Amino acid sequence: MDNKTYLIIGGTGGIGQAMVRQLVQATANEKSSIKVFATYHRSVPDFEADNLHWLQMDVSDENSIKQAADDIKQQSTHLDWVINCVGLLHTEKSQPEKALRQVETKFFLQNMQINALAGLLIAKHIRPLLAKAERSADKPAIFATISARVGSISDNQLGGWYSYRMSKAALNMGMKNLSIEWGRSLKDVCIVVMQPGTVNTQLSAPFQGNVADGQLFSPAYSTECLLEVLSNMTATQSGSFVDWAGESIPW
């Protein structure tokens with residue numbers, strides 16, 4: 001991780017915050033010159049470090065995404081890794097649908113905007129910074145997005161959760177498309193979609209009752225696993241859908 005520049009989208013969420021903290025802590029090595037950019041939605045976080053730079057970003061607003069990318073360009077020539085940790089499963093007013101009769105337009109489109117479209121818009125505006133990263137086939141630049149196993153069409157045995165499942169499936173397709181396009185035009189960048197396990201965060205909090213013993217991960221543990229998987233990815237693995245242990249998930 002030495003000398004790399006990272007961008008964590010959603011640095012105030014459960015996984016995003018753990019990502020930020022672990023990357024910042026990696027600079028305990030005096031020889032390291034890691035720089036970490038992280039985004040927040042509304043309130044500036046109180047976690048600070050010399051090499052941590054907070055940026056405001058609303059992933060539902062393309063202008064906000066572009067502005068954050070422009071702000072990074074004022075402070076860094078490139079980005080080595082970008083990890084999008086933003087996701088939507090429920091709101092104060094809406095829960096995942098258990099049946100078709102519960103599907104509602106506004107909540108469905110909100111899922112699509114946050115879970116699927118945002119990743120493409122981030123990639124669109126971050127591309128010039130990734131293009132300037134020093135990289136190789138064995139040590140590619142990384143564009144990673146947190147997805148979900150329930151976005152796998154072939155793995156779907158239970159149904160339900162229409163908006164979330166469909167938005168994550170759309171995200172997966174978008175990232176697969178991106179891996180093909182960038183495979184032609186932006187060499188040695190690995191686009192990877194990741195399932196972090198069931199993590200003890202606000203996103204999963206209402207649904208933890210059915211999680212088997214030992215299968216509810218802390219954000220710190222999930223993050224440690226995800227970063228380890230990413231550090232071993234190669235350019236030839238671009239377009240992968242993997243879990244926290246690096247195992248492939250069927251599309």
Side-chain angles (χ1 to χ4, degrees), residues 1 3-13 15-17 19-20 23-24 34-41 51-88 112-136 139-147 167-168 170-194 223 226-227 229-231 233-235 237-241:
M1 292 183 177
N3 308 319
K4 290 191 180 298
T5 302
Y6 298 84
L7 170 61
I8 307 302
I9 312 289
T12 58
I15 294 175
Q17 187 175 128
M19 288 260 183
V20 171
L23 291 171
V24 166
I34 293 173
K35 184 181 291 185
V36 180
F37 293 94
T39 74
Y40 64 91
H41 185 193
N51 65 328
L52 173 60
H53 309 273
W54 287 106
L55 305 161
Q56 195 279 331
M57 181 189 288
D58 177 356
V59 299
S60 67
D61 180 351
E62 184 173 1
N63 288 331
S64 178
I65 295 170
K66 181 181 183 300
Q67 183 61 57
D70 289 343
D71 289 345
I72 295 171
K73 292 172 186 175
Q74 299 299 314
Q75 303 177 64
S76 179
T77 59
H78 71 283
L79 287 170
D80 297 287
W81 284 23
V82 178
I83 306 175
N84 178 18
C85 299
V86 176
L88 175 71
M112 285 291 179
Q113 186 172 45
I114 301 301
N115 292 333
L117 178 58
L120 290 180
L121 296 179
I122 291 165
K124 174 181 174 182
H125 293 287
I126 290 300
R127 186 188 188 283
L129 286 158
L130 283 171
K132 293 180 180 179
E134 290 187 12
R135 56 196 191 276
S136 65
K139 294 293 181 182
I142 297 288
F143 187 87
T145 304
I146 302 298
S147 186
S167 63
K168 289 297 189 178
L171 165 66
N172 294 351
M173 177 61 83
M175 292 301 104
K176 187 69 173 182
N177 253 23
L178 183 64
S179 71
I180 294 169
E181 177 179 342
W182 282 6
R184 301 188 186 110
S185 63
L186 191 62
K187 298 296 184 182
D188 298 332
V189 176
C190 182
I191 291 87
V192 56
V193 182
M194 308 192 81
T223 290
L226 294 172
L227 291 176
V229 170
L230 287 176
S231 67
M233 297 294 281
T234 66
Q237 292 172 287
S238 188
S240 297
F241 182 18

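Please read these numbers as outputs of a predicted model, since none were measured by experiment.
- Judged by distance alone, with hydrogens and angles left aside, the side-chain atoms of S179 form a donor-acceptor pair with the main-chain N or O of K176 at under 3.5 Å.
- With sequence neighbours excluded, no residue satisfies ring-ring contact (aromatic ring centres under 6.0 Å, His included) with H125.
- Distance NE2/H41 to OG1/T12: 9.5 Å, rounded to 0.5 Å.
- The CG atom of L171 sits 12.0 Å away from the CD1 atom of I114 when rounded to the nearest 0.5 Å.
- A distance-only check finds a donor-acceptor pair linking the side chain of N51 to the backbone of I34 [under 3.5 Å].
- Within the 4.5 Å cutoff, no side-chain heavy atoms of C190 are placed close to those of W81.
- Residues L52 and A38 come closest through the heavy atom pair CD1-CB, 4.2 Å.
- Under the side chain to side chain donor-acceptor pair (under 3.5 Å) criterion, D70 pairs with K66, sequence neighbours left out.
- Residue pairs meeting the side chain to side chain donor-acceptor pair (under 3.5 Å) criterion with at least one member in residues 183-194, sequence neighbours excluded, are R127-S185.
- Looking at heavy atoms from C-beta onward, L130 lies in side-chain contact with W182 at the 4.5 angstrom threshold.
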Test log, rule side-chain contact (heavy atoms from CB on, under 4.5 Å), inputs L129 and K73: CA-CA 7 Å; L129 286 158; K73 292 172 186 175; 3.9 Å; yes
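- The two residues I15 and T223 have their closest heavy-atom pair at O-OG1, 3.5 Å.
- Take D71 and apply the side chain to side chain donor-acceptor pair (under 3.5 Å) test, not counting sequence neighbours, and it matches Q67.
- Looking at every heavy atom in both residues, G10 comes nearest to V86 through CA-CG2, 3.6 Å.
- At least one donor-acceptor pair under 3.5 Å links the side chain of K35 to the backbone N or O of Q75.
- Every residue two or more places apart in sequence or in another chain that forms a ring-ring contact (aromatic ring centres under 6.0 Å, His included) with F241 is listed here: W251.
- When all heavy atoms of A116 and A170 are compared, the closest pair comes out as CB-CB, 3.9 Å.
- Note that CD1 of I83 is 10.5 Å distant from CZ of F143, once rounded to the nearest 0.5 Å.
- Inter-residue side-chain proximity for I146 and L226 is flagged as met; some heavy-atom pair is nearer than 4.5 Å.
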Check against side-chain contact (heavy atoms from CB on, under 4.5 Å), F37 and S76: CA-CA 10 Å; F37 293 94; S76 179; 3.9 Å; yes
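- Proximity of a side-chain donor or acceptor of T145 to a complementary backbone N or O of V193 within less than 3.5 Å is not detected.
- Taking 4.5 Å as the limit, some side-chain heavy atom of M19 sits within range of a side-chain heavy atom of L227.
- Looking only at side-chain heavy atoms (C-beta outward), K139 and T234 stay at 4.5 Å or farther from each other.
- The distance from the CG atom of L55 to the OG atom of S64 is 9.5 Å, given to the nearest 0.5 Å.
- The environment of CE in M173 is sparse: at most 12 heavy-atom neighbours from other residues, nucleotides or ligands sit within 6.0 Å.
- Of the inter-residue distances, the one linking I65 atom CD1 with K124 atom NZ reads 9.5 Å to the nearest 0.5 angstrom.
- A distance of 6.5 Å separates OG1 in T39 from CG in L7, rounded to the nearest 0.5 Å.
- Of all non-hydrogen atoms in Q113 and S60, the two that sit nearest each other are NE2-O, 3.3 Å.
- Using a 4.5 Å heavy-atom cutoff, the side chains of V192 and Q237 are not in contact.
- The side-chain heavy atoms of S147 and M175, taken from C-beta on, include no pair separated by under 4.5 Å.
- A pairwise comparison of heavy atoms in A68 and Q56 identifies CB-O, 3.9 Å as the closest pair.
- With E181 contributing its side chain and L178 its backbone, the two residues share no donor-acceptor pair below 3.5 Å.
- Applying the side-chain contact (heavy atoms from CB on, under 4.5 Å) test to A133 and every residue at least two apart in sequence or in another chain returns H78, D80, A141.
- When side chains are defined from C-beta on, L186 counts as touching R135, because their heavy atoms get closer than 4.5 Å.
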